[in-house]
**Student:** 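Dropping the structure in here first, questions after.
Numbers for residues simply follow the sequence, beginning at 1. All ligand and atom numbering here is 1-based and tracks the order in the structure.
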Amino acid sequence: MLRLPGLIDPHVHLREPGATYKEDWKSGTAAALAGGFTAVLAMPNTAPPICDEETLSLALTLAGQKAHCDYAQFVGAGADNASKLPTLANKAAGMKMYLDQTYGPLRLTDQAAWRKHFERWPVNKPLCVHAEGETLAAALKLAVEMKRPVHFCHVSRKDEILLIRAAKERGAPVTCEVAPHHLFLTEADIPTIGSGRSEVRPRLASLADQKALWDNLDAVDCFASDHAPHTLAEKDGATPPPGFPGLETALPLYLTAVNQDLLCLEELIDLCYTNPRRIFGLPEQPETWVEVDENAVWPIYGEDLHSRAGWTPFEGRLVQGRVTRVVLRGEEVFKDGQVLSQPGFGCDLRAIIQ
Ligand code: DOR
Ligand code: ZN
Ligand code: ZN
């Protein structure tokens, strides 16, 4: 048996308020525990998006009633909320800016708006961006110019990770994460997964991009699932929304990579615990750990997952390493496939006085 700290997933979409048929705070945080994550940071592209005090309170109330694990909630940058958002900084996981088209209406195209948010959001509070390619280069430039710490979500391409690496070497105040689907899938997998189901932003990339992520892992700060559940009916429909469920498959994939010597256990703990805790300023979860059977070899099946998505792009993949038990703040919250904590057991990590 291997014992890990309670892992932190700094990037999940839990769909509540607004799309609980895809996921809600109960099913999403049950998936987190089953995947070995005792804390999740939830993205703001819900319906309505979390861009003001009222929707933040609504999301936190729902989370408080329903979450099985600990959490914090991001707020979203909009075209006209740059001056009001900072008043929410203490209650939020951080601020999220969508600089490219993804899922939902939150997108900032105008660089003047980026600048305003970079300026106003407190410099010591997490600021995350979804930015790809040239957009990422532009946001990175602005972060350097404004000496503004910025965290880059789900870096997926060789040009992007090399740019971030070079900026870090020059002392730029930036951090980044990569997602398991960009580490373990490429565009070559699209025919097997199916074209609608393969839709994700950033898109699945080339083998060379995937290799660059592995080769530059020392420039990567965090792993983040970017758990983005949509139903199979939607993914197989006429306008498939982008996104993969990922909370329950991430750790088994990482552990399989450890087993294949692509990664060592210390790096895994840095990427899934130490670094996200530092970057997002999260309190310690006392008496919290994850037990893993590191020898269990098992096939991933979508129908076995706790996520309401009920499918996975990793269908049928054999992995080595299985979460057998999770203890959160002294309580046994997951054992042998069953989530044992009650809805509402989870704490808002931003409400804990450190
Ligand atoms: O594929 C994605 N899905 N990328 C995003 O940035 C958003 C996410 C979602 O919310 O479904
Ligand atoms: Zn994104
Ligand atoms: Zn996302």
**Student:** Quick one: pull up CZ in F152 and CD1 in I164 and give me the separation to the nearest 0.5 Å.
**Tutor:**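 With rounding to 0.5 Å, CZ (F152) is 5.5 Å from CD1 (I164).
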**Student:** Consider only side-chain N and O atoms of H230 and K235, and report whether a donor and an acceptor are under 3.5 Å apart.
**Tutor:**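 There is no such pair (donor and acceptor under 3.5 Å, judged by atom type) between the side chains of H230 and K235.
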**Student:** Just by distance, no angles: are the side chains of S206 and D209 close enough, under 3.5 Å, to form a donor-acceptor pair?
**Tutor:**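 Yes, because at least one side-chain N or O of S206 sits under 3.5 Å from a partner of the opposite role on D209.
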**Student:** Got an N/O contact under 3.5 Å between N45 and ligand 1?
**Tutor:** yes
**Student:** Which heavy atom of P245 sits nearest to which heavy atom of W311, and what is that distance?
**Tutor:** CG-O, 3.0 Å
**Student:** Counting only nitrogen or oxygen atoms and a 3.5 angstrom limit, does G243 reach ligand 1?
**Tutor:**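 Yes; at least one N/O pair falls below 3.5 Å.
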**Student:** Examine H130 and say whether one of its N/O/S atoms is closer to the Zn ion (ligand 2) than 2.8 Å.
**Tutor:** yes
**Student:** Please report whether ligand 1 has a polar contact with H130, defined as an N or O pair separated by less than 3.5 Å (distance criterion only).
**Tutor:**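 N/O-N/O distance under 3.5 Å: yes.
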**Student:** Any Lys/Arg nitrogen of E53 or K91 sitting under 4.0 Å from an Asp/Glu carboxylate oxygen of the other?
**Tutor:**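 K91 and E53: salt-bridged.
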**Student:** Could you tell me whether some N/O pair between R201 and ligand 1 is separated by less than 3.5 angstrom?
**Tutor:**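 In this structure, R201 places an N or O atom under 3.5 Å from an N or O of ligand 1.
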**Student:** Answer yes or no: does an N/O atom from H154 fall short of 3.5 Å to an N/O atom of ligand 1?
**Tutor:** no
**Student:** Would P242 count as being in polar contact with ligand 1, using the rule that some N or O on each side must be under 3.5 angstrom apart?
**Tutor:** yes
**Student:** Is the Zn ion (ligand 3) under 2.8 Å from any N, O or S atom of C153?
**Tutor:** no
**Student:** Counting heavy atoms only, which of T102, L106, D100, V12 comes nearest to atom 5 (C) of ligand 1?
**Tutor:**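 Heavy atom nearest to atom 5 (C) of ligand 1 belongs to T102.
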**Student:** Can you tell me which portion of E199 lies within the under-4.0 Å heavy-atom range of ligand 1? Options are side chain, backbone, both, or neither.
**Tutor:**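 Neither part.
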**Student:** Any idea which of P44, A228, G104 brings a heavy atom closest to atom 8 (C) of ligand 1?
**Tutor:** A228
**Student:** Would one find an N, O or S atom of H154, in either backbone or side chain, under 2.8 Å from the Zn ion (ligand 3)?
**Tutor:** no
**Student:** Do the side-chain N and O atoms of H154 and E177 include a donor-acceptor pair separated by under 3.5 angstrom?
**Tutor:** no
**Student:** Could you verify whether a donor N or O on one side chain and an acceptor N or O on the other, from H227 and H13, lie under 3.5 Å apart?
**Tutor:**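 The criterion, which ignores hydrogens and geometry beyond distance, is not satisfied for H13 and H227.
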**Student:** Specify the protein heavy atom at minimum distance from atom 11 (O) of ligand 1: its residue, its atom name, and the distance to 0.1 Å.
**Tutor:** R15 NH2, 2.7 Å
**Student:** Walk me through it: do F118 and M97 pass the test side chain to side chain contact (heavy atoms under 4.5 Å, CB included)?
**Tutor:** CA-CA 10 Å; F118 273 29; M97 298 175 65; 3.6 Å; yes
**Student:** Using a strict 4.0 Å cut-off to heavy atoms of V200, name the atoms of ligand 1 that fall inside it.
**Tutor:**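 Going through ligand 1 atom by atom, the ones under 4.0 Å from V200 are 1 (O).
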